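Worksheet: one structure, shown below.
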Amino acid sequence: MTATIFVGFLAKAIKFATVFIFGSTGETITEKSGHLNMGIPGIMYLGALGGILGQRIYVDSTNGGPLNGFMVLFMPMLFAMLFAAIGGLLFSFFTVALKCNHNVTGLTITTFGVGISCYFIGLIPSDRMSEAGLMVQSLFPVVSDDWFSTIFLQQSLFTYLAIIIAIVSAVFISRTRIGLNLRACGENPAAADAAGINVDKYRYVATLIGAAIAGLGGMALEIDLFKGMFNAKDAVDSFGWLALSLVIFSMWKPSVCIFASLLFGALQVLPNFLNIGSVEKQVFAMIPYIATILILILTSVFNKKNAQPPAGLGITYFREDR
C-alpha cells in the first residue's frame, strides 16, 4: 500500500467511523440509564429517512435556485433527530409505561424502522440530492493536498460534531450530578428511586437523546458517505448492529467509542484497499464481531468492575417491588 493510498484509506476510515461514533455514543447514553435498546439499527434507519426527507423538503423549497450551505446541514440534522427520537419515544413507551421486555421491544422497533424507512426512502425523488450531499463534504476550504489536510481537514461537519458529542457525553456522564443520577438509574433503579430520583423520567430522556444522536449516524451515512445518492436498499441497519457491538467493545465509555469506532471504520474500508477476493472480504467483515466477543470473554474472565455493563441493564423496573 503506497503512501497516497494509505492516506486515502485513513480519510475514508474516519468517514465510516463517524457513523459508528454517533450510533455507539447514543446507545451508550441509553444503556447508562438501564435501557437496552436493540432498536438502534431501526432508529438509525429512521434517522436516515428523516435526513433524506429534510434534505428533500429544503431542496424543493428553493424552486431550482442555489442551495444554502447552512440549510443543507441543518434540515437533514433536524429531521433525522426528530424521526429517530420518535423511535426512542416508542421504545420508552413500551418499556417504561407498558413494562414490555426490552429485547422484544428493541427488535420490534428495528423491524418497524427498517421496514418503514425502506418503503418511504424508495418514494423520495433523488434529483439535486447529490448536489446537496456534495455541499456537506468539507467544513474547511481546501488549502492544500498534503496528508494532514486530506485526513483531518477535509472531513464533513458531521465528523467533528460526532467527536464533540462523544467527548461531551463522556464528561457529562462521569463528571456531573445529572450524569451520576443517570448511572444510578442504570446500576440500581430501586436505590435511585428511594433517593428521590425519578427513574422513569431519566430513562425516557436518556433514550430520547440517545436515539436522536444515533439517528444522526444514519443521516451521516446517507448524506455524507453516499453523497445524497441514496436508495432503499442501503444497509443502514448493518451499521446499527455494529454500533451496538461497539458499546460493548468500548466498555460503555463514550470517550473510548471514538477510538473503537476508528478501528471498526478502518476494518470496514480496508478490504476495498486490498487486492483480495470476496471470501477474504467476508472474513474482514467478521472481525468486529469476533473482537466484540473476545472483549466480552476477557471482561468476564478478569471481572473488571469498570468494564461491566450497568447492573440494571435490560431489566424492567417495577416500583412496587422496591
Side-chain angles (χ1 to χ4, degrees), residues 15 18-19 21-23 25-27 29-30 37 39-93 109-110 112-137 139 156-162 164-165 205 207-237 239-240 243:
K15 281 189 175 294
T18 301
V19 180
I21 294 173
F22 278 128
T25 300
E27 177 60 8
I29 294 172
T30 300
N37 187 1
I40 284 296
I43 286 172
M44 289 182 68
Y45 233 129
L46 287 172
L49 170 63
I52 294 169
L53 183 61
Q55 195 76 282
R56 181 75 263 164
I57 291 173
Y58 170 65
V59 169
D60 288 344
S61 70
T62 62
N63 295 317
L67 300 177
N68 179 273
F70 172 77
M71 292 303 293
V72 297
L73 289 169
F74 175 75
M75 286 295 285
M77 291 176 62
L78 175 64
F79 275 76
M81 295 179 71
L82 176 62
F83 275 51
I86 291 173
L89 180 63
L90 286 173
F91 179 87
S92 292
F93 173 72
I109 295 295
T110 287
F112 167 77
V114 173
I116 195 172
S117 298
C118 285
Y119 175 76
F120 283 106
I121 285 175
L123 300 178
I124 299 175
S126 60
D127 54 294
R128 294 197 75 192
M129 293 294 279
S130 59
E131 178 186 349
L134 289 171
M135 289 187 68
V136 304
Q137 291 298 296
L139 176 63
S156 73
L157 171 68
F158 304 137
T159 299
Y160 308 101
L161 179 63
I164 291 172
I165 288 176
V205 173
T207 304
L208 284 173
I209 293 175
I213 293 173
L216 291 175
M219 174 217 61
L221 181 65
E222 295 286 356
I223 303 298
D224 184 15
L225 272 168
F226 296 159
K227 300 178 176 62
M229 298 302 294
F230 59 88
N231 66 74
K233 296 181 180 179
D234 291 336
V236 179
D237 54 320
F239 286 82

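What's counted below: heavy atoms across the whole structure, side chains too, no hydrogens, waters or symmetry copies. Remember, it's a predicted structure, so these values are computed and weren't measured experimentally. Along the sequence shown, residues are numbered consecutively beginning with 1.
- Distance check: I165 CD1 to Y160 OH gives 15.0 Å after rounding to the nearest 0.5 Å.
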Next item on the list: Report the C-alpha separation of L225 and T18 in whole Å, then their side-chain angles, then the decisive distance to 0.1 Å, and conclude whether the side-chain contact (heavy atoms from CB on, under 4.5 Å) test is met.
Entry: CA-CA 10 Å; L225 272 168; T18 301; over 6 Å; no
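- Here the CD1-OG1 distance, from I164 to T159, works out to 11.0 Å after rounding to the nearest 0.5 Å.
- Side-chain atoms of R128 do not come within 3.5 Å of backbone N or O of R56 as any donor-acceptor pair.
- Of all non-hydrogen atoms in I21 and A162, the two that sit nearest each other are CG2-O, 3.4 Å.
- Looking at every heavy atom in both residues, A48 comes nearest to E222 through CB-CG, 3.6 Å.
- Here the closest non-hydrogen pair linking S156 and D224 is OG-OD2, 2.7 Å.
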Note to self: For a side-chain hydrogen bond (donor to acceptor under 3.5 Å, both in side chains) check, start with the C-alpha distance between T30 and N37, then their side-chain angles and the critical distance, and finish with the verdict.
What the structure shows: CA-CA 7 Å; T30 300; N37 187 1; 5.1 Å; no
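- Closest heavy-atom contact between M44 and G217: CE-C, 4.0 Å.
- Using a 4.5 Å cut-off on side-chain heavy atoms (C-beta onward), V114 and C118 make contact.
- Residues I40 and E27 approach most closely at CG1-OE1, 3.1 Å, considering heavy atoms.
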Notebook entry, point to check: Between F158 and M219, is a side-chain contact (heavy atoms from CB on, under 4.5 Å) present by the stated rule, with each step listed?
Noted result: CA-CA 9 Å; F158 304 137; M219 174 217 61; 3.5 Å; yes
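- Of the candidates I121, I116, T110, I121 is the only one forming a side-chain contact (heavy atoms from CB on, under 4.5 Å) with Y45.
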Which atom pairs, donor and acceptor, lie under 3.5 Å between side-chain atoms of residues 63-89 and protein residues at least two apart or in another chain?
| residue | atom | partner | partner atom | Å |
| --- | --- | --- | --- | --- |
| N68 | OD1 | F70 | N | 2.9 |
| N68 | OD1 | M71 | N | 3.1 |

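- Here the OG1-CD1 distance, from T25 to I209, works out to 13.0 Å after rounding to the nearest 0.5 Å.
- When each of I213, V205, T207 is checked for a side-chain contact (heavy atoms from CB on, under 4.5 Å) with I29, only I213 meets the rule.
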